[in-house]
Every structure is written in C-alpha cells, then in structure tokens.
There are 2 protein chains.
Amino acid sequence: MPARIDPEERRQQVIEAAFRLVVAEGIEGVSLRKVADESGLNIGSVRHYFDGHHDLLTAAAEEAGARMGRRLAAHAAEGLRGLTGEAALDALQALVEAVMPVDEPRRDEAIVVVELIMASRTMPVFRAMSARMAADLAAVLREALDFLDVPDVDLAAAQLAAVIGGLTLDTVTPHGDLSVERMRAVLRAHLRMLLAKACPG
Amino acid sequence: MPARIDPEERRQQVIEAAFRLVVAEGIEGVSLRKVADESGLNIGSVRHYFDGHHDLLTAAAEEAGARMGRRLAAHAAEGLRGLTGEAALDALQALVEAVMPVDEPRRDEAIVVVELIMASRTMPVFRAMSARMAADLAAVLREALDFLDVPDVDLAAAQLAAVIGGLTLDTVTPHGDLSVERMRAVLRAHLRMLLAKACPG
DNA sequence: AACTATTTATCACAGGTGTGATAGTTTGGA
DNA sequence: TCCAAACTATCACACCTGTGATAAATAGTT
C-alpha cells in the first residue's frame, strides 16, 4: 500500500493552512477550496484527509486547543512555588504571557483561539473545545496563584482570566488597538494588584 | 410624494432584524435575504432603504455604537463625584453594568458589540466604529475613576476595560460560560481592588 | 510485470450570496 | 382624475459554497 507521505503530516499541513486563513479572514474564511489553495493541495486531497468541512474544523479546533495546552504546560506553575516580590511578579507574568499575543506566533495563535471562542457561540462544533480551553487556563491560573499564596484563589483566577481575555481582544482587534508594550504594562499592573494581597499576609 | 411611512423608521426596523440575526448566527449570518425575511420585508424594500449590503452593515454598526454611547451617557459619571466606600462601589458597578450582559437586552447588545469588535479585525467597515467604542468606554471609565480619586487613572481604566471585555466574552460564549451572578461577583471583586487604592490615600 | 490501495484530480449539482435591472403597486398632491 | 414619486416585488446573472460521484495517477507489494 502506497504511503509515501505520512497522512498525519498532511493533515497538519492542511490545518496549518486553515489557521493562516483564520488569521487573515476569520473562521468564515475557512472554505475547503481556499484551504486547498493555501496548503498547495487539490481540494480532492483535502477531502481525502478530512471527512468534509465539519471534520476539518473539528480537527483544527482540536489542534488549537492542544497547542494552547502545550503552552500552558511548558510554563508550568511548579516553578512559582514560594516565590515573592518581583521574582513572583516576573514568573507569573511570564506564565500568563505564554498565552498572550506578545509576539507574532503567539499573536496568531491567540487570534485563532479568540476566533474559535467567538465562533463557539453559534457553532456547536466549537463548544466543547471552547469550554475546555477556559477550564485549562483557569486550572493553571488557580494553581499558580495558590503557589504564590494569593488569597481567594478562585476569584483572583477568574479576574485574571478576564483580564487575559480582554487584553487579548483589544490587542488583536482595532478595538483599543493596544500595543504589546501597553498590554504588558496593564497586565503587570493587574498582577501587581493581585500579588499585593499575598505579600504582607 | 407618497411617504406613508417614515423611512427612518423602516431603516430601524431593518437594523433591528439585522441585530437579531447577529445574535442568532453571528455577523456572517446577516445577508440581505435573511434580513428581509427577519424584518418581514421584501429584499427589494431592504435594498431600497439601504444602498446594498455594505451600507446596511455600516448603518447597523453606527446604530450599535450610538446605543452603547447612550447607555454610557445615561449612567453618566457625574454622580460618582466624591463617593466613597460601598456607595462608591455600588455606583461604579452600576455604571459598568450599563454596558455588560446582565439582562437580556444588554446581553443582546453586548453580543452585537463583541461580534462587531471581532469582525473589525478583518472587515474594514467596522474599524472606525470599533475604535470609537473603545475610546468612548475608556473616556467614561477614566472620568469615573478620577471622580473616585483612584490613582493612576489611565492604567486603572485600562485594567477595568480589559476586565469588562474579558467578562463579557466569557459570559456570551461557552468559553467559561459565566453566569450573570458569577460575572457580577468577579467584576465587584475587581472594582473593590481598584477602589482599595483610593480609599486610604 | 501485475495488482492494489492510496492519493490526486475533475465534474456536476443544489443551494446561497450581492447586485444590476426592471416591472408592478401604492399613495399623496395637482 | 391623473401623474409622478416612493415603495414593493421579481428576474437574472455571476460567483462561491459543500458534497456526491467518478476517473486518473502514483507507488509499494507480491
């Protein structure tokens, strides 16, 4: 049986093209023909590796979620245990910035994620992954804040998650079009407020 | 000249239908034919009052921005001057909740606004209005926080704007699917943190 | 070399889109 | 009454979409 190319590799190639289209045009711009063009494949090939449009979207969402999960796992909260002062602030900021649009690759991934989140409002295909991504992020944030002895971890984590979402939205859209520097400054101010409640007692 | 019906009224009727479609299906769901059906008019009539699809979207964006502006103006920041403690907290929360999805009409409007913001990333039609809405909100927030003697008004307003955006996103989407109560609690916690820096000095 | 499963490539069809063009209908004023 | 302006209603066209179906080319195995 001819398998000159790894099917999984081809699928990734297609998903990558889909991501580029999401960044350029939004999720509605992801059509089979455009994905085929963008990936340099024929639409017939795309349809051979994915069981139609719906399946492609599902796979792309899965991959987006997996990447965000990997980013969170990489900057694990373990190293935060017991840190205080500026060291704690720096470490926490580094963790949060792992999922924020601070450079081009992270910006592209953030765009894909936010597009997916918005789309999950009306497209059932994305509901589960959208919810899972929020849960993953919340878990990491709670763990991190807990390690830093921040009180009221649940509430603080929810606040931080909101700040992350809002800053991301205003950075990747013309709404407020935050610069990366400004975004990081606002984030830092918020983290400082959160840690201020931990530092003294 | 027959003008049995106020043209402006008809336009509002059409825009209202467009808003319902945005809520139900997202901005991509706003097609001339669907708007016509939803508004109970013929597509020919819709095209008589709007100079094509682009013009309809422009008018809808304008109306969405105007409504958000009116909501902000209604809960003007004037009344906040000099308030302290729980009274300040309550007043500030009431102002912020004017633009948040705490009930069905505000939820629908918030959905329209967030859809517009996301769409403004790739659709030039929405860029200006998206930016204006952020500026309007930021101005009101700065004014309010200033009246409450919150220090570092610019930074505090930016933080608050981020919280508003993030909470709205997580309330109108399955991402974290916040209940209204939870959203208000998280918002209150954040406002409390901001005001804590003002209360003592 | 022959065979076979994988992969690539096309067609065609039904459905939806914006829009140009064109009739038909209604209604207020002369 | 008649007319013209405003409104409503259709057609048709080109374009794009997902998808079922089918053919063609490829390459590893026997």
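Given the structure is predicted, the values throughout are model-derived calculations rather than measurements.
- Ion pairing between a basic and an acidic side chain is recognised when a charged N comes within 4.0 Å of a carboxylate O; A:Asp103 and A:Arg107 show no such pairing.
- Between the side chain of B:His53 and the backbone N or O of B:Val30 there is at least one donor-acceptor pair closer than 3.5 Å.
- Within residues 10-18 of chain B, the residues approaching DNA chain D are B:Arg10, by heavy-atom distance under 4.0 Å.
- Following rounding to the nearest Å, B:His48 (NE2) and C:dT25 (P) show an atom-to-atom distance of 17 Å.
- Between B:Asp37 and B:Lys34 no salt bridge is recorded (no basic side-chain N to carboxylate O distance below 4.0 Å).
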One character per nucleotide, please: for nucleotides 12-21 of chain D, 5' to 3', B when the base has a protein heavy atom closer than 4.0 Å, S when only the sugar-phosphate does, - otherwise.
B----BBBBB
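- Classification of A:Arg71 and A:Glu109 as a salt-bridged pair holds, one side-chain N sitting under 4.0 Å from a carboxylate O.
- To the nearest angstrom, C1' of C:dA9 lies 13 Å from CG of A:Asp37.
- With a 4.5 Å cut-off on side-chain heavy atoms, A:Asp170 and A:Asp177 do not count as touching.
- The side chain of A:Tyr49 places no N or O atom within less than 4.0 Å of a non-bridging phosphate oxygen (OP1 or OP2) of C:dT6.
- In this structure, CG of A:Leu41 is placed 18 Å from P of C:dT6, rounded to the nearest angstrom.
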Under the criterion side chain to side chain contact (heavy atoms under 4.5 Å, CB included), I'd like the reasoning laid out for B:Met123 against B:Phe126: C-alpha separation, chi angles, the key distance, then a yes or no.
CA-CA 6 Å; B:Met123 301 175 69; B:Phe126 298 130; 3.9 Å; yes
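- Residues B:Val46 and B:Ser39 come closest through the heavy atom pair CG2-OG, 4.4 Å.
- Distances shorter than 4.0 Å separate some side-chain N or O of A:Asn42 from OP1 or OP2 on C:dT10.
- Between B:Arg188 and B:Asp90 a salt bridge is recorded (basic side-chain N to carboxylate O distance below 4.0 Å).
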